[in-house]
Amino acid sequence: MGDEVAAALADGRPVVALESTIISHGLPQPDNLRVAREIEATVRAAGAVPATIGMLAGRITVGLDDAALERLANADGVVKLSVRDLAPAAAAGVDGATTVAATSAIAVRAGIGVFATGGLGGVHRAARDSWDESADLTALSRTPICVVCAGVKSILDVPATLERLETLGVTVLGYRTTRFPGFYLTDSGYGLDWQVDSPEQIAAVLAARAGHGVQEGGVLVANPLPADQQIDPELHDRVLRDALAGMAADGVTGHDVTPYLLSYMHEHTGGESLAVNVRIILRNADLAARIAVARTDAH
Ligand code: PSU
Ligand code: MN
């Protein structure tokens, strides 16, 4: 664990977990390193300590330093690690980037309760045949963490993902909305049961959850982009259609599906999807930090 994160946790100060797959597989070089640093700076500006999580030469690290961020951003062959990959990757001594599933599991073990990401993994559109459902969902069903995201991308089957979150017992809160956000789009077209309007209210939900001791899994906070900042829905729909067709033509499957679709969107929206992606992550980092601060203030 990084010294700064260890000290903050020991003192009971607010800490926000951050994932590394977004850096190594979710954003293109060279923007990824700049954005990784901006995410951390955003968490700090809101009064919390950032703990970016990843694996360096087989060691799980909570609170990557700047040299480590640079290594995961720039090295080729950084392995994308879900929970089930952590042990073999550690034994093999590789560098790896942790997904939402793996980051959540590690964060909770380390005593961190709030986590900011961009978009959550979910049920893929072809899941009826491929069975491709992100382990992010099942990990959240058993990991008591609060994850701030902008919903899921419409590269996924959004209603199926919401159904699975319900089945798996994951609480979903809309931040100042009752519409589930669609990452690049403010509204995915699907509704939510619960709305919260402040970090303090979210902290109250987390306190109630912990107090009951009944619910095993996590709380997802869905933080939409303001409508005037979303991607032009027409451009979005057209590029998405092409991306799905390209993926089928190239025979992309398994854990390569999400990175393929993300980079396709980045390349074919003239940089718009990247700019929107960055805005989303920074907004989520800010809200997560304010939730972490509200939790410590409530004690
Ligand atoms: N969705 C995004 N951006 C991302 C990811 C998902 O909009 O960077 C990354 C996250 O790390 C997430 C992972 O946990 O992809 C999910 O991959 P899979 O679908 O293979 O579980
Ligand atoms: Mn998958």
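Note that ligands are numbered from 1 as they come in the structure, with each ligand's atoms numbered from 1 the same way. The model shown is predicted, which means the values in this text are computed figures rather than measured ones.
Atoms of ligand 1 found under 4.0 Å from any heavy atom of Lys153 (numbered from 1 in listed order, with element): 2 (C), 3 (N), 7 (O). Near Thr99, with a cut-off below 4.0 Å to any heavy atom, the atoms of ligand 1 are 11 (O), 14 (O). The distance from ligand 1 to the heavy atoms of Ser134 drops below 4.0 Å at these ligand atoms: 16 (C), 18 (P), 19 (O), 21 (O).
Below 3.5 Å of separation, one finds an N or O of Thr258 facing an N or O of ligand 1. Here's the thing with Glu19: one of its N/O atoms is less than 3.5 angstrom from an N/O atom of ligand 1. Polar contact check, Gly26 against ligand 1: no nitrogen or oxygen pair lies under 3.5 Å apart.
In terms of protein heavy-atom proximity, atom 9 (C) of ligand 1 is closest to Thr21 CG2, 4.0 Å. Of the protein's non-hydrogen atoms, the one nearest atom 20 (O) of ligand 1 is Lys80 NZ, 2.8 Å. The protein heavy-atom contact nearest to atom 1 (N) of ligand 1 is Gly119 O, 3.4 Å. Nearest protein heavy-atom neighbour of atom 4 (C) of ligand 1: Leu262 CD1, 3.6 Å.
Contacts between Thr103 and ligand 1 below 4.0 angstrom, taking non-hydrogen atoms only, are absent altogether. In Asp136, the part holding a heavy atom less than 4.0 Å from any atom of ligand 1 is the side chain. Of the heavy atoms in His124, only side-chain atoms (C-beta onward) come closer than 4.0 Å to ligand 1.
Between the side chains of Glu19 and Thr117, at least one donor-acceptor pair of N or O atoms lies under 3.5 Å. Donor-acceptor pairing under 3.5 Å is lacking for the side chains of Thr21 and Thr99. In summary, the side chains of Ser154 and His236 do present a donor paired with an acceptor at a separation below 3.5 Å, with no hydrogens or angles considered.
Under the 3.5 Å distance criterion, the side-chain polar atoms of Ser134 are matched with a main-chain donor or acceptor of Asp136.
Using a cutoff of 4.0 Å between basic side-chain nitrogens and carboxylate oxygens, Arg209 and Glu216 are not scored as salt-bridged. Using a cut-off of 4.0 Å between Lys/Arg side-chain N and Asp/Glu carboxylate O, Asp31 and Arg34 are scored as salt-bridged. Under 4.0 Å is where a charged nitrogen must lie from a carboxylate oxygen, and between Glu4 and Arg13 no such pair does. Ion pairing between Asp237 and Arg241 fails under the 4.0 Å rule for side-chain N and carboxylate O.
When you scan the N, O or S atoms of Asp132 for the one nearest the Mn ion (ligand 2), you land on OD1.
Remark: Arg44 CZ is packed, more than 12 non-hydrogen atoms of other residues, nucleotides or ligands lying under 6.0 Å away.
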